[in-house]
Enquirer: 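Let me give you the structure first, and then I'll get to my questions.
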There are 2 protein chains.
Amino acid sequence: MDNGKSDDVFLSILDSAKNRFCRYGLKKTTMTEIARDIGLSKASLYYYFPNKEELFKEVVKEVYRTLLNEFEGLLSSSVPAEDLLHGYLEKRLIYFREFVHLSALSLESINSLKPVYARLFENFRKKEIRLVGEILAKGIAAQDFQNLDVAYFSDLFIAIFQGLRHNVIVKKDTVNITETEYSLLRKQYESAFNMFMKGIKK
Amino acid sequence: MDNGKSDDVFLSILDSAKNRFCRYGLKKTTMTEIARDIGLSKASLYYYFPNKEELFKEVVKEVYRTLLNEFEGLLSSSVPAEDLLHGYLEKRLIYFREFVHLSALSLESINSLKPVYARLFENFRKKEIRLVGEILAKGIAAQDFQNLDVAYFSDLFIAIFQGLRHNVIVKKDTVNITETEYSLLRKQYESAFNMFMKGIKK
DNA sequence: CATTTGACTTTTTTAGTTATAAAGTCAAAA
DNA sequence: TTTTGACTTTATAACTAAAAAAGTCAAATG
């Protein structure tokens, strides 16, 4: 590792933390639990991470990084822009189901979420927008899409689907998604996607 | 009034309550304040309303009733279905700005909103869906729209715009909407509407 | 020398308590 | 019929003590 610390331990901490944070959220996960998971003492965690918040941020970043990498992977393939967008949505949906707790965290902000996390999410959102923007630009270059305002439409695209996701979380008291809700969301994604396509295709 | 009580007082209580609930929300409004507004003692309120919760529900219902009436008014006019939908969105947007606190209440449910209110909102949503459904049916009958699944598409329509509204509330800690946010939302409404139209028109 | 730890301090949460404010009642008055 | 002051009950806020979790560090381990 960069700073000369064991990769193995570092990664196993990150892994246990990811599992717990994703299942129970930030507050309901303790450092002691994470430590126990990997058979270390709590003090050891502090050898690798300065504090809980940094560990959490690292987990979120890691999850985002993975997702963004998958997105990038999509982008490099030479399929039509429409399929890229569709592929992006598919991955976004799967990610949503797996990491609802991280997504729901952005909703906690209503009460009082640390601006630190707000910035994390905002960062990710910006990268998503840029990515969608690239896809849109690709579609325009290939004469598939109209010559539209890329910045605005990628923002709108993200907003529509984020909104649909919010609807799912908001009406619930617990952050657990049933199969029914998930498949309805997927259907809405599909319809909204088709409309969006009709709206921007040549 | 139905039960033989003064209309005047009843309505002025409702009015003061509406103003306070809309500005400060349910919890930050006290019965004493409402009473003071209209120069009565708190005890008098209980002559007209059994309790605070019923008063609040009455206010919400009243607001909804007004809005739904305006919607109905739209429906009876003989303009094309597309214009009806557009008019509906316009009113919905204005209503949103004016009654954010009532809308935001649905978001409070993340913590633990009384199922009573959840039912209120769900009721209203159903009526909205039915209304949009009627407009869609009208458009289909007039051969303007494709022969689509009315129930599903009216639900989708409502979901998309509700989602966009949620986005606005969710990223804030206070429930106050700036002019910038509002006009961005309006722009998104406009774009999403155009796409939806392209998606369902013949 | 990198890594781990137990034993420690500090900070945050929780549970329980009290004080205060608001909700809600009612017999009497206007 | 409507209003009210004086009341009781219930909910909220402010405070506290106890418990739990976060975070530190000198010493131990290998």
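These numbers come from a predicted model, not from an experiment.
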Enquirer: Starting at CZ of A:F56 and ending at P of D:dA21, how long is that distance when rounded to a whole Å?
Expert: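 Checked: the CZ to P distance equals 18 Å.
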Enquirer: Of all the heavy-atom pairs spanning A:K138 and A:L75, show the shortest one and how long it is.
Expert: NZ-O, 2.8 Å
Enquirer: Is A:R97 paired with A:E181 through a side-chain N to carboxylate O contact shorter than 4.0 Å?
Expert: no
Enquirer: Taking all non-hydrogen atoms of both residues into account, name the closest pair between A:F161 and A:F157 and its distance.
Expert: CD1-O, 3.0 Å
Enquirer: As a test of reading the structure: which of D:dG23, C:dA22, C:dT3 is closest to the side chain of A:Y48, going by heavy atoms?
Expert: C:dT3
Enquirer: With a sphere of 6.0 Å drawn around CZ of A:R23, does it hold more than 12 non-hydrogen atoms of other residues, nucleotides or ligands?
Expert: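 No, the 6.0 Å shell around CZ holds no more than 12 heavy atoms from other groups.
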Enquirer: Round to the nearest Å and state the distance from A:M31 atom CE to C:dG6 atom P.
Expert: 16 Å
Enquirer: Can you tell me if B:K127 has over 12 outside heavy atoms packed within less than 6.0 Å of its NZ?
Expert: no
Enquirer: Does a side-chain N or O of A:Y46 approach OP1 or OP2 of D:dG23 to a distance below 4.0 Å, or not?
Expert: yes
Enquirer: Would one find a side-chain N or O of A:S44 under 4.0 angstrom from OP1 or OP2 of C:dT3?
Expert: no
Enquirer: For B:Y152, does the OH atom sit with more than 12 other heavy atoms under 6.0 Å from it, leaving out its own atoms?
Expert: yes
Enquirer: Specify the separation, in whole Å, of atom CG of A:L40 and atom P of D:dA28.
Expert: 20 Å
Enquirer: Quick one: A:D8 CG to C:dT4 C1', roughly how many Å, whole number?
Expert: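 After rounding, the reported distance stands at 15 Å.
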Enquirer: How does each nucleotide of nucleotides 6-13 of chain D score, in 5' to 3' order, for protein heavy atoms under 4.0 Å: base (B), sugar-phosphate only (S), or none (-)?
Expert: --------
Enquirer: Could you tell me the separation between the CZ atom of A:R36 and the P atom of D:dA20, rounded to a whole number of Å?
Expert: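 Whole-Å distance recorded here is 13 Å.
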Enquirer: Starting at the 5' end of DNA chain C, which residue's closest nucleotide do you reach first, B:T32 or A:L45?
Expert: A:L45
Enquirer: What's the NZ-P distance between A:K52 and D:dA22, to the nearest Å?
Expert: 4 Å
Enquirer: Should B:Y47 be listed as having a side-chain N or O under 4.0 Å from OP1 or OP2 of D:dT3?
Expert: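 No, because none of the side-chain N or O atoms of B:Y47 sits under 4.0 Å from OP1 or OP2 of D:dT3.
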Enquirer: Which atom pair, heavy atoms only, marks the closest approach of B:F153 to B:F196?
Expert: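 For B:F153 versus B:F196, the nearest heavy atoms are O-CZ, 3.6 Å.
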Enquirer: Rounded to whole angstrom units, what separation is found between the CZ atom of A:F49 and the P atom of D:dA22?
Expert: 15 Å
Enquirer: How long is the line joining CD of A:E54 and C1' of D:dG23, in whole Å?
Expert: 14 Å
